[in-house]
There are 2 protein chains.
Amino acid sequence: MSNIRKVAELAGVSVATVSRTLKSPDIVSPATRDKVLQAVETAGYRPNRMAVQFRSRRSHNLAVLVPTIANTFFARVIAGIQQAAREQGYGVLLCNTLGREEEELQYAGMVAARQADGIIQLRAFNPFPEDAVEPGQALPMVNACEVLDDAPCPTVKIDNRAAARTLTEHLIALGHRRIAMIQGPRRSPLTRDRVAGYRDALEAAGIVPDDALLCPGDFTPRAGHEAVTTLLDRTVRPTAIFCESDEMAIGAISRLKQAGLSVPDDVSVAGFDDIAFARYSDPPLTTVAQPAEAFGRRAVDMLIDILEARGQGASHVVLPYELVIRDSTAAPRA
Amino acid sequence: MSNIRKVAELAGVSVATVSRTLKSPDIVSPATRDKVLQAVETAGYRPNRMAVQFRSRRSHNLAVLVPTIANTFFARVIAGIQQAAREQGYGVLLCNTLGREEEELQYAGMVAARQADGIIQLRAFNPFPEDAVEPGQALPMVNACEVLDDAPCPTVKIDNRAAARTLTEHLIALGHRRIAMIQGPRRSPLTRDRVAGYRDALEAAGIVPDDALLCPGDFTPRAGHEAVTTLLDRTVRPTAIFCESDEMAIGAISRLKQAGLSVPDDVSVAGFDDIAFARYSDPPLTTVAQPAEAFGRRAVDMLIDILEARGQGASHVVLPYELVIRDSTAAPRA
DNA sequence: TTGAAAGCGCTAACAT
DNA sequence: ATGTTAGCGCTTTCAA
């Protein structure tokens, strides 16, 4: 493996000149530049990134803390992150945390260890110990998708409460009054906000919320499936089910069909996220489309803004969502 | 940020002793060890990974080249990679290549640039230029899932031909004779092997293959959907469709239902992969289960074997698959 | 515009 | 068992 010294020799210049030629070609004379580039070519020289990073105290890596990559929504967010990072010369270190705080703390340590310059956290948890970063310095973190209420860093999200309200209003407008909700994880702000939006809509329509219609879940199809099993036992069954993720909606529909019920004729089902499968579900899913890739791209931009201290930019970004009405929701049976 | 020298001072030892205490605690005296660890604690010392990596010429990063992370099958493979890498002290650099060779070449350059120690390639393409690595040295790469015929490195896969044959035999045993196939990308060895297995089964049953029943695809639900549109135009329609991925199978079923056809009563549909959604599809999908996480874990183990030169281990691993029969396949209409 | 030289934080060979 | 010391390959003053 050839290094900068070999190239310098070959070109008959100093190592400093080689470094400069590669980093700021415009400050060396054209003649020198040509010589150097020629030498780089013949030597097959590639700068040693470990050395560059070490010396310049920048790893140019972003650590992404994701609860689970095996979720098509997060996968899309990560795809957005990867693309944006690459475009700006950053690498992406993947950290599949399974939502465990212990893991998240460890991964956040990558910043202290200079393995990553900053992190993108896709869950509402601050993995930095209080004393982890120099006081006065901005935390090198962006919190996206599921966001802390009092995040100590920039955030990117949609207005979950409004989105949930919009979706619930759609259901109410169709004539539903017994609307169940299959929720995300108990403590998640996502769940709290969406339940709030759901309540907003019910109250505005003069419907008394019934907690018996609230089912716990965890965003997986399996959770949707199980929650419906519970709901089918209710003496008064819901006529519509609002699922906090498309994956749960798909699980829910599967269970309803097992029970011999038709969607949407017997029960309407709505999801959240608008994953690729939503339109191929039977029936195609009514859902709230989230800008998954945009979450990722935006988070990267904001994080790099912090890292390179190029203006602090907007610190709390709210991206638009969209209600997508397909065929899984309809008026209840008369 | 405190460094090793500060810790050495604090503990009243040399920097070498600090380094040793952290790397091989057993070769320093207990008394010294305590002093040092104490000092590490008070100083809040974290070794600078950039420096460690630079000096020891090991990044302890693995680059993963994945055609698209927005595919639940690959997402599972990556989850397996991440877990295994973490357990062995390696980081995972995610490289979403979209299957573009240009991108893959660039990412493979990370090894030359010492940003990654090796790569896991999930597509049948060798991204290393011939002269990229010292001759005599093993290529720091493992090729998994979709594997080159003459891979210059260890590989992990299933026997795709046998798996396709098994699945096709299942369809034939049910009584199908007009079996369509929705394929993966044209040039993929995966496609070639699975088509071969499909032909094997047909021939063994004395069925003449009909190329009009072979549809191109790309593993996405959309491709499955479109392929069925084509198939429905055939004068003699197939009674069964073998899709090379569950995602395509889901798209295919969606299109069949749109056309008013019932699965499996009118047409049987089988998939490949056994993604999480397969069992929640309507009807639940008959498919070939692939050990996705195991692919990832195994690939990591094999790559680290190369990197740390700890025995070369098996170089071409074939993992088991399993035919999972659910409800999307049945005997054809009489 | 270019070169000389210091040094980033750490590891490892060598010496004690 | 511990210390001394020479760099790893690069960037970046500072001087010419």
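Note that this is a predicted model, so its numbers are computed, not measured. Residue numbering restarts at 1 for every chain, and letters A, B, ... go by the order of the sequence lines.
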Asks: By salt bridge (charged side-chain N to carboxylate O under 4.0 Å, His left out), which residues pair with Glu293(B), not counting sequence neighbours?
Replies: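 Checked Glu293(B) against salt bridge (charged side-chain N to carboxylate O under 4.0 Å, His left out); matches are Arg76(B).
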Asks: Only counting residues at least two apart or in another chain, list the ones meeting salt bridge (charged side-chain N to carboxylate O under 4.0 Å, His left out) with Asp149(B).
Replies: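 Counting only residues at least two positions away or on another chain, Asp149(B) forms a salt bridge (charged side-chain N to carboxylate O under 4.0 Å, His left out) with Arg192(B).
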Asks: Quick one: His60(A) NE2 to dC10(D) P, roughly how many Å, whole number?
Replies: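 Between P of dC10(D) and NE2 of His60(A): 16 Å.
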Asks: In this structure, how many angstroms lie between the P atom of dG9(D) and the CD atom of Glu9(A), rounded?
Replies: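 For the pair Glu9(A) CD and dG9(D) P, the rounded distance is 13 Å.
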Asks: Can you give one letter per nucleotide of nucleotides 1-7 of chain D, 5' to 3': B if a protein heavy atom sits under 4.0 Å from the base, S if only from the sugar-phosphate, - if neither?
Replies: SBBBBBB
Asks: Take the protein atom CZ of Arg57(B) and the nucleotide atom C1' of dC10(D), then report the distance between them rounded to whole Å.
Replies: 13 Å
Asks: Over how many whole Å does the gap from Arg5(B) atom CZ to dG7(C) atom P extend?
Replies: 10 Å
Asks: Could you state the atom-to-atom distance from CZ of Arg114(A) to P of dG9(C) in whole Å?
Replies: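 In whole Å, dG9(C) P lies 8 Å from Arg114(A) CZ.
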Asks: Using atom CD1 of Ile4(A) as one end and atom P of dC8(D) as the other, report the distance to the nearest whole Å.
Replies: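 In whole Å, dC8(D) P and Ile4(A) CD1 are 13 Å from each other.
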Asks: For residues 17-26 of chain B, run the donor-acceptor check on the side chains, cut-off 3.5 Å, and write out each pair with its distance to 0.1 Å, sequence neighbours left out.
Replies:
from: Thr17(B); atom 1: OG1; to: Ser14(B); atom 2: OG; distance (Å): 3.2
from: Thr21(B); atom 1: OG1; to: Thr17(B); atom 2: O; distance (Å): 2.6

Asks: Do any pairs count as a ring pair (Phe, Tyr, Trp, His ring centres under 6.0 Å) and have a residue in residues 70-105 of chain B, sequence neighbours left out, and if so which ones?
Replies: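 Those involving residues 70-105 of chain B are His60(B)-Tyr90(B).
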Asks: Any side-chain donor paired with an acceptor under 3.5 Å for Asn143(A) and Thr155(A)?
Replies: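 Their side chains do not contain a donor-acceptor pair, so the 3.5 Å distance test is not met.
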Asks: Measure across Pro152(B) and Met141(B) and return the closest heavy-atom pair with its distance rounded to 0.1 Å.
Replies: CG-CE, 4.3 Å
Asks: Test of understanding: with ring-ring contact (aromatic ring centres under 6.0 Å, His included), list the residues that count as partners of Phe54(B), not counting sequence neighbours.
Replies: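 If we apply the ring-ring contact (aromatic ring centres under 6.0 Å, His included) test to Phe54(B), skipping adjacent residues, the hits are Phe54(A).
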Asks: Between the two end axes of the helix from dT1(C)-dA16(D) to dT16(C)-dA1(D), each built from 5 base pairs, what angle do you get to the nearest 10°?
Replies: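 For the helix from dT1(C)-dA16(D) to dT16(C)-dA1(D), the axes at either end differ by 30°.
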Asks: Under the side chain to side chain donor-acceptor pair (under 3.5 Å) test, which residues partner Asp218(A), sequence neighbours left out?
Replies: Thr220(A)
Asks: Could you name each residue pair satisfying salt bridge (Lys or Arg N to Asp or Glu O under 4.0 Å) that touches residues 100-109 of chain B, not counting sequence neighbours?
Replies: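 Passing the test, one end in residues 100-109 of chain B: Arg86(A)-Glu103(B), Arg100(B)-Glu103(B), Glu104(B)-Arg123(B).
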Asks: I'd like to check the side chain to side chain donor-acceptor pair (under 3.5 Å) partners of Ser2(A); sequence neighbours left out, ordered by chain and number.
Replies: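 Checked Ser2(A) against side chain to side chain donor-acceptor pair (under 3.5 Å); zero matches.
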Asks: Pull out every residue in residues 37-54 of chain B that has a heavy atom closer than 4.0 Å to any atom of DNA chain C, ordered by number, or say none.
Replies: Tyr45(B), Pro47(B), Asn48(B), Ala51(B), Val52(B), Phe54(B)
Asks: Answer yes or no: does a side-chain N or O of Lys23(A) lie under 4.0 Å from OP1 or OP2 of dT12(D)?
Replies: yes
Asks: If a pair satisfies ring pair (Phe, Tyr, Trp, His ring centres under 6.0 Å) and one of its residues is in residues 22-51 of chain B, list it, with sequence neighbours excluded.
Replies: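 Those involving residues 22-51 of chain B do not exist here.
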